[in-house]
Trainee: 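Got a structure for you, written out below as structure tokens; questions coming shortly.
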Amino acid sequence: MASIIDVKFEHYQGDALGVQELKPRISWRFQDTPTDFQQKGYEVELSEISLDSQFVLLENVKCKSSLSSLVPWPLSQPLKSRQKVSIRVRAWDENGYSTPWSERRKIETGLLVRSDWKADRIVAPWGTVLEPQPEQLFRREFSLKGQVSEARLYITAQGVYEAEINAQRVGDYFLAPGWTSYDSRIQYQTYDVKSFLESDKNCIGVRIAEGWFCGRIGFEGGHRNIWGPHPALLAQLEIKYVDGQVEIIASDHSWKVRKGPIQLAELYDGEKYDATQEVPGWSYPSTGSDEGWETALVMEPLPASIELTAGFGEPVRRVEAIRPVHKIVTPSGKIVLDFGQNLVGYLRLRNIKGPRGHKIVLSHAEVLENHELGTRPLRICQAIDTYTLKGDEQGESYEPRFTFHGFRYAQIDGWVSEHDLETSIEAAVCHTDMKKAGTFSCSDPLLNKLYQNICWGMRGNFLSVPTDCPQRDERMGWSGDLALFAPTATLIYDCFSMLKNWFVDVKHEQRTLGGVPSMVTPNATLPDPVWCRRIPCAIWHDVTILGPFALYEETGDINILSQQYSSMTTWIRKIPRNSIGTTHLWNNNIFQLGDWLDPAAPPDAPWKGATDAKMVANCFLIQSLDLIARVAGILGRDTDQDEFTKEAQNAKKDFQAEYVTPNGRMVSDSQTAYALVICFNLLSPSQTERAGRRLEELVRKNEFKIGTGFAGTPYICEALVRTGHTQVAFSMLLEKNCPSWLYPVTMGATTVWERWDSMLPDGTINPGEMTSFNHYAFGSIAKFMYERVAGLQRLESGWKRFRFAPRIGAEFSQASASHITPQGTIACSWETNASADGLHTIKMKVSVPHNTICEIVIPDDSVGETEIVSHGEWSFKRTFSRDYEWPVPILPPKA
Ligand code: BGC
């Protein structure tokens with residue numbers, strides 16, 4: 001029987017608490033629908049949730065519509081602060097069949113206007129200090145006045161915080177309130193804390209530390225105090241009693257503060273926890289005196305220009321725990337644990353024993369060099385956590401709260417407990433708690449490992465904002481990296497909400513800088529007039545268009561385009577053009593990062609790649625123009641659409657005149673040049689064919705090794721397939737010699753490296769000072785693996801139409817992929833078998849969700865057989881002859 005499942009508001013998973021949407025759109029999916037069920041209309045029942053948890057009907061809206069995704073909010077009036085409502089949905093088809101009501105889904109808004117905040121911004125009274133400071137503990141005791149029906153804690157910090165009530169940790173977020181452009185937006189969180197309260201005396205305690213807000217962060221070593229001189233707290237505990245009274249315990253001058261046991265809480269340098277400085281029962285109602293506690297200082301309110309917002313992204317959490325796989329004794333006698341996986345998080349210790357004052361020092365690194373921790377790539381970043389024992393004979397436990405590291409190996413100095421290290425230490429993996437959106441696997445184990453490495457690279461670098469790397473003195477929201485990886489990212493994890501949140505800040509930084517976006521968002525380069533502050537830069541600034549467009553394609557959510565539209569148009573109109581000659585192309589005098597980090601670039605000059613950086617910039621200019629013209633069309637901005645379409649045509653003409661021969665040769669005769677012009681449709685059909693042949697020649701000449709950097713990598717294999725060179729593309733994908741995707745895998749990599757050769761074949765670390773072992777950019781190839789190896793391609797935004805068209809090639813005998821779309825989960829797989837007569841059989845299976853159309857292209861001998869199917873489980877079996885040579889010879893067949 002057909003039923004409705006997964007009802008959700010906007011892009012929230014499950015019930016939503018403390019949100020800021022005034023008119024949240026609603027989506028649902030179908031389960032067990034007969035193939036012929038087509039939604040003809042829906043009914044939404046909206047109820048207010050009363051204090052005694054009753055559903056009081058507000059509205060019942062019936063609508064004739066086939067829409068089941070991002071359906072407009074059924075009420076004309078918007079939600080108000082702290083409003084709690086629930087909805088349930090049912091739908092009917094044209095035969096009059098109606099689904100039963102869905103389960104109820106609840107939503108509760110947060111504090112929507114500034115006047116809802118009664119809390120003062122409070123700080124420790126010891127003022128601004130230039131050196132890194134210990135964490136601060138704030139506390140406030142209170143007594144309840146009656147029976148509680150509901151309690152909410154609204155809380156944020158300028159810095160990072162963890163709250164406790166009566167010595168119990170509130171929530172499970174890591175590094176809350178998360179990183180935003182703090183001069184524009186600070187996120188607050190809402191927690192249901194009723195169960196924490198005790199009938200009489202209570203205490204709320206909040207520990208805060210510097211975090212991104214005033215800890216050291218930024219480029220070239222970074223800066224302290226970028227957004228403010230010290231951390232501050234804003235907390236508001238709202239208690240509703242059963243008799244209807246409301247009491248607010250808000251941060252104010254009645255709160256007390258003191259320094260806590262965390263002596264240093266630095267994102268780069270690590271945490272120093274001194275257990276001898278612990279304050280037992282600090283967040284529990286006391287019986288004793290206030291000794292050691294000082295009165296908190298009330299600051300002036302947050303300026304009205306800084307928005308207090310619930311934000312959109314999921315919180316960062318400790319998502320997984322990993323045990324060490326080896327204990328290593330290094331040549332210098334150090335004890336190092338190998339976790340078998342390069343990860344982002346920290347170490348969690350149990351069974352710590354030893355004398356009071358004894359220190360355990362935990363140093364982190366991604367790789368070993370000469371069998372010792374390889375810490376040089378960390379640059380000005382210590383990545384060391386230190387625990388000072390209090391000497392508890394029962395044993396002590398420790399895990400850092402306000403730092404994280406990118407590491408696979410951890411050196412443990414000072415372990416004196418009789419318990420084994422291996423059983424006492426685990427690694428906590430932390431990242432934005434996104435839902436997995438896709439899977440991929442195939443018959444090639446190394447490629448499967450590459451895919452896993454790409455997933456790990458994304459996990460480690462999607463931590464509150466999309467970062468370049470998680471380990472050295474950067475970890476910033478570098479825009480170019482995301483611009484290139486976004487289309488792949490959306491296939492792996494549901495990162496829509498996190499990136500939607502980040503793009504609000506991209507737009508803010510852009511506004512602050514007069515229309516040219518920041519190279520990193522939030523702009524942690526603020527205090528410095530460094531080179532990357534204001535110079536327009538292709539790709540990195542094209543993130544304004546490429547990123548939101550990728551999010552739109554994945555979800556079909558037009559609102560992300562309207563949210564970012566002014567950011568897109570401001571940037572595209574801001575791009576400086578030549579004043580004479582090719583006036584529709586980038587001003588040639590402007591420095592470009594180009595095809596960053598291609599293998600030809602010297603280790604210390606990653607922008608000096610083989611491809612003309614200006615040409616790369618112009619390819620992305622035209623691609624951005626093409627996309628923004630489409631966006632303008634989608635949003636019904638006809639005049640803009642005409643302007644951008646015309647500009648794209650003119651820029652293409654200029655591009656042809658400047659960079660392409662009539663026959664389709666590029667003046668920059670490189671892999672990236674051909675990959676970009678083919679994938680961005682910059683050539684005529686005959687030029688494209690010729691360009692494809694030239695690309696194939698170049699790839700063969702290079703013995704299938706990679707010649708692309710950040711810019712060309714997402715496109716190189718796709719360009720080969722599009723121009724009919726599938727086997728050459730697969731040869732490249734499967735190449736193991738350096739530089740290639742699989743070279744790092746053969747070197748034991750467990751994440752994607754920043755450079756093709758971050759580790760050189762002799763096991764030494766690349767001498768370039770910028771060498772990370774966890775950068776997601778080159779992992780953009782996962783999209784090709786989904787689309788061409790497994791064969792799953794999105795054809796329309798929001799997956800309303802998709803294609804299952806695997807390319808048979810190499811020695812692949814099987815592949816599968818799945819993806820959670822707004823309509824439901826797509827799963828597809830294929831396998832081939834050789835038969836005695838030289839023919840092969842292929843079996844294909846695909847599961848097509850409700851409300852979607854799938855084009856299945858079956859690679860049989862009658863090339864081009866396409867089946868169009870709708871909702872259901874489909875399978876096909878055909879024979880075909882394998883008409884390619886494998887391995888592909890380096891020299892092409894003679895014409
Ligand atoms: C980052 C890159 C970034 C680049 C641009 C690097 O330091 O790690 O990923 O895109 O700088 O200059």
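All of these numbers come straight from a predicted model, not from anything done at the bench. Residue numbers start at 1 and run along the sequence shown. Counting convention: from 1, in listed order, for ligands and their atoms alike.
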Trainee: Looking at W753, I'd like to know if the NZ or CZ of R755 sits under 6.0 Å from its six-membered ring centre while staying within 45 degrees of the ring's axis.
Mentor: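 Judged by the rule, R755 and W753 form no cation-pi pair.
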Trainee: For ligand 1, which atoms have a heavy atom of E754 less than 4.0 angstrom away?
Mentor: 8 (O)
Trainee: Answer yes or no for W607: is there a heavy-atom contact with ligand 1 below 4.0 Å?
Mentor: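 Flag not set, W607 not near ligand 1.
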Trainee: Would you say the side-chain atoms of Q564 pair up with the backbone N or O of F503, donor to acceptor, closer than 3.5 Å?
Mentor: yes
Trainee: At under 4.0 Å between heavy atoms, which part of R472 makes contact with ligand 1: side chain, backbone, both or neither?
Mentor: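 For R472, only side-chain atoms sit under 4.0 Å from ligand 1.
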Trainee: Hey, is the main chain of S772 close enough, under 3.5 Å, to the side chain of E754 for a donor-acceptor pair?
Mentor: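 Pair found, side chain donor or acceptor close to backbone of S772.
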Trainee: Short list, please: which atoms of ligand 1 are under 4.0 Å from a heavy atom of D481?
Mentor: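 Checking each atom against D481, I get 2 (C), 3 (C), 9 (O), 10 (O).
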Trainee: Numbering the atoms of ligand 1 from 1, which are under 4.0 Å from a heavy atom of E474?
Mentor: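 Heavy-atom distances to E474 below 4.0 Å select 1 (C), 6 (C), 7 (O), 8 (O).
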Trainee: Answer whether the closest heavy-atom distance between the side chains of H364 and Q471 falls below 4.5 Å.
Mentor: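 Sidechains of Q471 and H364: no contact.
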Trainee: Hey, looking at atom 12 (O) of ligand 1, which of W596, F710, Y776 has the closest heavy atom?
Mentor: W596
Trainee: Looking at ligand 1, does any of its N/O atoms fall within less than 3.5 Å of an N/O of H775?
Mentor: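 Right, the criterion is met.
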Trainee: Heavy-atom distances under 4.0 Å are what count here, so tell me which part of M519 touches ligand 1: side chain, backbone, both or neither.
Mentor: neither
Trainee: Count the heavy atoms of every other residue, nucleotide or ligand shown that sit under 6.0 Å from CZ of R630, and state whether that count exceeds 12.
Mentor: no
Trainee: I'd like to know if the side chain of N501 and the backbone of S497 have a donor-acceptor N/O pair within less than 3.5 Å.
Mentor: no
Trainee: Cation-pi check, K736 to Y743: give yes when NZ or CZ is under 6.0 Å from the six-membered ring centre and within 45° of the ring axis, no otherwise.
Mentor: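 No, a cation-pi geometry is absent between K736 and Y743.
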Trainee: Can you list the ligand 1 atoms lying under 4.0 Å from a non-hydrogen atom of L593?
Mentor: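 Once the distances to L593 are compared, the set is 5 (C), 12 (O).
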